[in-house]
Amino acid sequence: MKVRILELGEMVVDSVTQLSGMLTLANIDADRNEFYFFQPALISSETLHPVDGFWLEKSRIEGGKQVDVELPLHVLGTVVVDKATGFSGTAIQVYYYQNGCVHLEVKPAGIVPKTGQPIPGKEFDIRRLKGEALVELTKKQLKASKEDAPSPELVTRRMNF
């Protein structure tokens, strides 16, 4: 489904902090609320690393332009399963990354017995998921999709130099 969102990779201003920075990730929930991950254009004087980014609701963003993006909002509210682990639950949020990759947050029913807390949701590349609302890609389509929009999955081992 075509969705009109703010273009990622563009410099904008957070109207509350007045910081300038870049939108690097969009999040849309089942109610069509939009949130954006904002990376301030700042380097910490203590660590000499970029300062931490944070989430903004759309109303706080000044600047930027709207673009049409194809996103699978029809999957929200349906049950999906991670093909690699068997983790299953309801798709509750769509994440759209600057490189074009799409992830879904999957939230299982139930609680963690030891703590009594709800089982936390987990984010997955949509290409790892299966469900009635998802169309399975052929190996050729999957390869092309990964080349077009590589997943920004976390690297589990980081080399320090």
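Atom set for the values below is all heavy atoms of this structure, side chains included, hydrogens, waters and symmetry mates excluded. The shown structure was predicted, so the numbers you read here are calculated from the model rather than taken from an experiment.
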So, using side-chain contact (heavy atoms from CB on, under 4.5 Å) as the criterion, who are the partners of [X] when residues are at least two apart?
X	answer
D148	none
V135	none
I92	T90, E105, K107
T47	S44, H49

Enumerate donor-acceptor pairs with a distance under 3.5 Å from any side-chain N or O in residues 72-85 to protein atoms, sequence neighbours excluded.
residue: H74; atom: NE2; partner: A133; partner atom: O; Å: 3.0
residue: T78; atom: OG1; partner: V75; partner atom: O; Å: 2.6
residue: D82; atom: OD1; partner: R128; partner atom: NE; Å: 2.9
residue: D82; atom: OD1; partner: R128; partner atom: NH2; Å: 3.3
residue: D82; atom: OD2; partner: T85; partner atom: N; Å: 3.1
residue: D82; atom: OD2; partner: T85; partner atom: OG1; Å: 2.6
residue: D82; atom: OD2; partner: R128; partner atom: NH2; Å: 2.7
residue: K83; atom: NZ; partner: R127; partner atom: O; Å: 3.3
residue: K83; atom: NZ; partner: E136; partner atom: OE2; Å: 2.9
residue: T85; atom: OG1; partner: F87; partner atom: N; Å: 3.1

[X] versus [Y]: any side-chain heavy-atom pair under 4.5 Å?
X	Y	answer
I28	L71	yes
V106	L129	yes
V3	D68	no
P50	I43	yes

With distance as the sole test, does [X] use its side chain to make a donor-acceptor pair with the main-chain N or O of [Y] at under 3.5 Å?
X	Y	result
Q141	T138	yes
E62	S15	no
D14	Q18	no

Tell me the closest heavy-atom pair linking [X] and [Y], and the distance in Å.
X	Y	result
D125	C101	OD2-SG, 3.5 Å
P108	G121	CD-CA, 4.3 Å
M11	A41	CE-CB, 3.9 Å
A26	Y36	CB-CE2, 3.7 Å

If two hydrophobic side chains count as joined below 4.5 Å and joins carry through other members, does [X] share a cluster with [Y]?
X	Y	answer
L134	V102	yes
I5	M1	yes
L8	F54	yes
M22	V69	no

For [X], give me all partners under salt bridge (charged side-chain N to carboxylate O under 4.0 Å, His left out), at least two apart in sequence or on another chain.
X	value
K139	none
E7	K65
D52	none
E34	K58

Note: with side-chain heavy atoms under 4.5 Å as the link, the other cluster members for W55 come out as L25, F35, F37, Y95, Y97

Could you work out the complete set of other residues in the hydrophobic cluster of I119, with links drawn between I, L, V, M, F, W and Y side chains under 4.5 Å apart?
-> V112

Answer yes if the side chains of N27 and Q93 hold a donor-acceptor pair under 3.5 Å, and no otherwise.
-> yes

To the nearest 0.5 angstrom, please state how far the CD atom of Q39 sits from the OG atom of S20.
-> 11.5 Å

Which residue pairs pass the salt bridge (Lys or Arg N to Asp or Glu O under 4.0 Å) test when at least one of the two sits in residues 36-51, sequence neighbours left out?
-> none

